[in-house]
There are 2 protein chains.
Amino acid sequence: MHHEPTSGTVPVHLRIADALRAQITSGELQPGQAIPSTKVLAQDWHCSVGVARMAVAVLMDEGRLSGGRGKPATVRRAPTRRPLTLSSDWSQLQKDMVHRPESERRERGAIELTAGVPISATNSSANYQQVLATPEIASEFDLPVGVEVVQRTYEMTDKESGMRLSWSVSYIPLEYIRDNPALLDESNEPWPGGHQHQLSTVGIEIDRFVRKVTAIQPTTGDRQVWHMEPGVPLLHVRSKSVDIEGRVVEMSDAVYPADRAEILYVEQLKRWDLERGQK
Amino acid sequence: MHHEPTSGTVPVHLRIADALRAQITSGELQPGQAIPSTKVLAQDWHCSVGVARMAVAVLMDEGRLSGGRGKPATVRRAPTRRPLTLSSDWSQLQKDMVHRPESERRERGAIELTAGVPISATNSSANYQQVLATPEIASEFDLPVGVEVVQRTYEMTDKESGMRLSWSVSYIPLEYIRDNPALLDESNEPWPGGHQHQLSTVGIEIDRFVRKVTAIQPTTGDRQVWHMEPGVPLLHVRSKSVDIEGRVVEMSDAVYPADRAEILYVEQLKRWDLERGQK
DNA sequence: GAGTGGTCTAGACCACTGT
DNA sequence: CAGTGGTCTAGACCACTCC
């Protein structure tokens with residue numbers, strides 16, 4: 001028995017979602033507060049519980065509700081994101097450290113990947129593998145497909161919770177570093193001074209980093225290892241290191257859950273009064 | 001009548017999704033190709049069509065399938081993203097142009113927001129409004145809540161398709177630009193030379209930009225205006241302009257669909273041989 | 001134990017697409 | 001027209017949480 005001809009053309013579950021979303025943004029439903037149960041929503045809107053569930057599923061996917069498993073769905077609190085600084089200042093500092101003693105490098109070495117969490121509270125695991133460049137990887141290096149590259153995957157987890165804090169995979173063409181076998185030794189992790197120092201041992205000087213940032217939707221597997229809630233995208237950062245001869249000598253992919261991290265960077269400009277007459 | 005005790009503990013619809021995802025990543029299902037219909041999946045997996053639909057919904061949300069509405073669901077082609085360059089080089093160019101004649105500025109003025117699309121093929125609309133700073137906005141400027149700010153929303157759409165190409169909202173505290181009423185004139189859009197030039201007319205010199213990039217899940221409304229498919233996040237860029245006195249003089253939010261845009265930026269480092277002895 | 005959401009069924013009707 | 005997905009119903013059983 002149908003009550004109304006669905007009045008408009010907007011599906012019922014979307015109308016319920018719109019109503020709830022309005023209540024959330026207006027503050028009528030506060031963060032942490034529970035929304036009405038699916039059964040109540042079904043009664044209020046004269047629909048089946050299945051439709052009510054579809055409505056809350058919409059808001060879950062939008063990241064507005066955090067939910068379920070025996071507990072009522074609640075309004076998600078605004079996430080606090082750790083800034084992930086990728087500014088030239090910091091990269092320059094890393095470059096300057098290349099010629100500093102190892103003790104100093106080791107101390108600050110892994111900051112790159114922890115983004116603020118003390119190294120002592122983390123476990124890290126690295127893995128080296130010699131692989132053949134896929135078409136995608138080869139095109140980034142502008143080298144032929146199938147060329148040998150060293151693949152390094154790196155993962156850090158929180159000691160207490162076991163939660164993953166960072167994950168990245170980087171590639172260096174084997175021919176560029178063949179002269180220094182130490183670069184293939186996993187026991188050196190985390191790399192003191194980062195790959196900038198490692199590359200400097202074979203005479204490669206980095207001129208610039210080129211980074212591309214985009215976002216993707218996590219798979220269910222991603223959600224498990226990151227302990228992510230539904231409705232949270234993954235930030236994907238692809239960095240390339242270009243040396244002073246214009247060659248791409250290193251490429252890395254890293255991902256971060258968008259509810260915990262944000263990419264922060266600074267563009268420094270020159271002063272007007274300092275550049276008079278130049279260029 | 002139940003056939004098996006659901007063997008493991010993984011829900012059926014997730015197992016179907018996993019199987020399909022594996023077929024997609026392995027190349028067994030090519031981009032553009034149609035996946036089996038929900039009815040067929042239900043028969044193959046001995047489940048109801050409802051469960052089969054949940055399975056394809058999972059892959060839709062991951063952005064791997066596109067489709068529906070009478071047509072069978074198909075494997076989505078890899079998106080081609082337009083790079084959105086936000087490098088210091090480009091910003092510096094903008095800064096240098098501040099002191100160039102208006103004709104030159106006007107020519108290149110709006111590149112900032114089109115990201116590669118010719119200006120002639122777009123419609124743009126700007127809107128000015130004088131509003132009171134919300135707590136969030138005020139905290140970015142480090143000014144008291146309720147201070148007057150000029151809010152400028154800017155939108156560009158493709159002339160043919162009517163699709164939205166860019167959207168942004170920026171804020172400038174009124175007290176910083178009160179001396180130049182031209183800045184409040186909407187007919188000047190698009191701003192020749194961007195806000196850097198506008199601010200220079202009241203004696204403000206930009207020292208640096210600070211940008212934060214993160215990703216959010218679009219609402220159903222967002223999806224409509226951007227013509228986005230499900231499973232595509234939105235990139236969110238918040239830029240702040242800091243002047244040479246350390247004040248935040250401008251703040252803007254911009255969003256881009258993550259399947260069409262990527263943030264690209266370059267970190268330029270100094271040469272070793274050029275910095276000997278300095279610093 | 002009562003209430004919650006998560007999974008699943010077996011249907012129904014509709015809008016849309018292709019031929 | 002037959003086939004597709006999109007919406008919706010009215011139930012069922014389970015795992016979980018809170019009291």
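By convention in this document, chain letters (A, B, ...) are assigned in the order of the sequence lines, proteins followed by strands, and residues within each chain are numbered from 1. Just the heavy atoms: all of them, side chains too, but no hydrogens, waters or symmetry mates, feed the values below.
Nearest nucleotide to the B:Pro72 side chain, out of C:dG5, D:dT4, D:dC8: D:dT4. Closest to the side chain of A:Lys39, from the set C:dT4, D:dT7, C:dG6, is C:dT4. For B:Val51, whose side chain is taken as the heavy atoms from C-beta onward, the closest listed nucleotide among C:dT9, C:dG5, D:dT7 is C:dT9.
Following rounding to the nearest Å, A:Arg53 (CZ) and D:dT9 (P) show an atom-to-atom distance of 14 Å. Whole-Å rounding puts the B:Glu229 CD to D:dG5 P distance at 16 Å. Per the geometry, CD belonging to A:Gln43 stands 12 Å off P belonging to C:dG3, to the nearest Å. Here C:dC8 presents its C1' atom at 16 Å from CH2 of B:Trp45, a figure rounded to the nearest Å. In this structure, B:Asp61 atom CG and D:dG6 atom P are separated by 11 Å, rounded to whole Å. One can place NE2 of A:His13 at 17 Å from P of D:dG5, the figure rounded to the nearest angstrom. Whole-Å rounding puts the A:His46 NE2 to D:dT9 P distance at 12 Å.
Nearest heavy-atom pair across B:Ala258 and B:Leu235 is CB-CG, 4.2 Å. Closest approach of A:Leu29 and A:Ala34 over heavy atoms only: CD2-O, 4.3 Å. Here the closest heavy-atom approach between residue B:Arg77 and residue B:Gly32 is recorded as NH2-CA, 3.8 Å. Taking all atoms of both residues into account, the shortest heavy-atom contact from A:Pro135 to A:Val145 is CA-CG2, 3.8 Å. Taking all atoms of both residues into account, the shortest heavy-atom contact from B:Pro233 to B:Met228 is O-CE, 3.7 Å. Closest approach of A:Leu41 and A:Pro36 over heavy atoms only: CD1-O, 3.9 Å.
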Quick one, give me the B/S/- string for nucleotides 14-19 of chain D, reading 5' to 3', where B means a protein heavy atom under 4.0 Å from the base and S means that only happens at the primed atoms, P, OP1 or OP2. --BSS-
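More than 12 non-hydrogen atoms from other residues, nucleotides or ligands lie less than 6.0 angstrom from CD of A:Gln33.
Proximity of residues 30-37 of chain A to DNA chain C (heavy atom under 4.0 angstrom from any strand atom) is restricted to A:Ser37.
Of the side-chain N and O atoms in B:Ser48, none sit less than 4.0 angstrom from OP1 or OP2 of C:dA10.
DNA chain D is contacted by both A:Met54 and A:Val49; A:Met54 maps to the nucleotide lying nearer its 5′ end (nearest heavy atom per residue).
Although no hydrogens or angles enter the test, the distance criterion places no donor-acceptor pair under 3.5 Å between the side chain of B:Thr38 and the main chain of B:Val49.
Each of B:Glu140, B:Lys212, B:His236 was checked for a side-chain contact (heavy atoms from CB on, under 4.5 Å) with B:Asp253, and the lone residue meeting it is B:His236.
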